[in-house]
Amino acid sequence: MIRFIDLIPGLPEEIALECLTRLHYSTHRVATRVSKRWREIIRSREFYNYRKQNGLTSGVVCLVQQQLPVHFRSDAFKTVGSMSFAVTVFDPASQFWERLDPVPKYPDGLPLFCQVASSRGKLVVIGGWDPESFNPTAGSSSPGGHDENKNALSSAWAYDVSNDKWTELTRMSQERDECEGVVIGSEFWVVSGYKTERQGMFEGSAESYEFGSGEWKRAENAWKPNHCPRSCVGVGREGKFFSWADSDPEIRVGTCRVQIGERTFICGSDYQGGPQEYFVAEEGQNGKLRKLDVGEEYKGFVQSGCCVEI
Amino acid sequence: MAIMYALKSSDNEIFEVEQKVIEQSETIKKMIEDGAATGEIPLQVSSKTLAKVLEWCKQRQHKTVENENDDNKGKRKKERDEDDDIKEWENKFSDELKADKDVLFDLLLASNYLDLPALLSFLCQLVADMVAGKMPEEIRRMFNIENDFTPEEEKAITAEHGWAFQP
């Protein structure tokens, strides 16, 4: 016989549920160990969806970041050559920084050049090179990029997280290695990139994919030519693209931006291999930046970043 | 002259309350609109709990009225001071409830029965905040929740890490 155990004895089911949905995400792990029903509910898709719909989730920044040795000093930056990457989490509400435990499959660090994206509260790590053998891991790309022989690609792929399935979209108008994908409303924009024979000479064009019709629309003069768009494309007024790399000299190299609601979180460094500095821009403040005070262990190179709603 | 209503608790205590204060309760508002509220309004809420409910409603009513009367001049500072006052009041209100779980649960049930969404939401958040920073065993003890994990299951879930293996 199945015994029905109250979620919280003394409270009706719907009120107990209301209480659980208000738990802060940092309490979820411990809360799943309280009882079988707490565990089942907190881990369910419905629980997440309900919290999301009712504005009870919080947006945090997740970064794939180079891990620096413990005895690290800024002035000794160049001498440190650790190639080990891990996920760093920053919660803008609590200003709390945290480094996550390694993914069990990669105890010595995440794949090199891997990218992160998020979907419905989950962090998805895509692609990269195995840190040991430097061979590409399975399932990289989307959109553009290049093949094993450095030929630029014009293909774009969409990944369905729930079904773990990649689907190829129609071809773009041209090859775009090192391009950047940006979602604006119902359109997926691919900004800049370069053709095989034009290594590193970034295009000024962009194109947008309409998910309904499955068609690409090309736009010229959408991006400042010869500037790398990777992780630094911002969308300004009237949908015009700009580069966050131009926003402050301290973050002009290896710029990485993460959008969290009306805030943009930007990091980068002053010179190649320099320590990462962090800024926050609030919407409607004319791109004014506020610098964040960040601990030395979070000054390592940032490879990719995204916002996760948890 | 404010319209007053008489509320009768389940243990027969009478509370005289202004209409505006008590209309925050959708349940009572409906009773008044339906004309069912002549004389005393009987409620299935104890006098101890009802006193707490009314304390909350009066505080909320106070806040709304003052905001309406404000003109824009000097509003910001005044608002800040008021926000501080409200925060202080809320903290005191919360601390009393956190210290007595039975009162908290009675109040939760009453806010549900009287249909006071703001109070219900506030109290649910309070319960959630009480869970934060505690170990599973402490949470179970606090709410009398039975541990239905076997020792083996408990060992396994304590050891698990946060990463899911999806290819």
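Letters A, B, ... mirror the listed sequences (proteins, then strands); counts begin at 1. All heavy atoms count here, side chains included; hydrogens, waters and symmetry mates do not.
- Of the listed residues B/Glu137, B/Met130, B/Glu153, B/Lys101, the one with more heavy-atom pairs under 4.5 angstrom with chain A than any other is B/Glu153.
- Between A/Pro12 and B/Leu108, every side-chain heavy-atom pair lies at or beyond the 4.5 Å cut-off.
- Counting only heavy atoms from C-beta outward, the side chains of B/Asn147 and A/Ser35 never approach each other to under 4.5 Å.
- Counting non-hydrogen atoms of other residues, nucleotides and ligands closer than 6.0 Å to NZ of A/Lys52 gives a total of 12 or fewer.
- The line from CZ of A/Arg33 to CZ of B/Phe149 is 9.5 Å long, rounded to the nearest 0.5 Å.
- When each of A/His24, A/Arg39, A/Arg22, A/Glu14 is scored by its heavy-atom pairs under 4.5 Å with chain B, the top score falls to A/Arg22.
- For NZ of B/Lys48, the number of neighbouring non-hydrogen atoms (other residues, nucleotides, ligands) closer than 6.0 Å is 12 at most.
- Open room surrounds CD on B/Glu88; 12 or fewer heavy atoms of other groups in view lie less than 6.0 Å from it.
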Item checked: Working for side chain to side chain contact (heavy atoms under 4.5 Å, CB included), residues B/Ile145 and A/Val34 -> CA-CA 8 Å; B/Ile145 298 168; A/Val34 169; 4.0 Å; yes

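- Within residues 113-129 of chain B, the residues that have a heavy atom under 4.5 Å from a heavy atom of chain A are B/Leu120, B/Ser121, B/Cys124, B/Gln125, B/Val127, B/Ala128, listed by number.
- For the atom pair A/Trp38 CH2 and B/Ile139 CD1, the distance stands at 5.5 Å (nearest 0.5 Å).
- Using a 4.5 Å heavy-atom cutoff, the side chains of A/Val30 and B/Lys134 are not in contact.
- Interatomic distance, A/Asp6 CG to B/Phe143 CZ, rounded to the nearest 0.5 Å: 13.0 Å.
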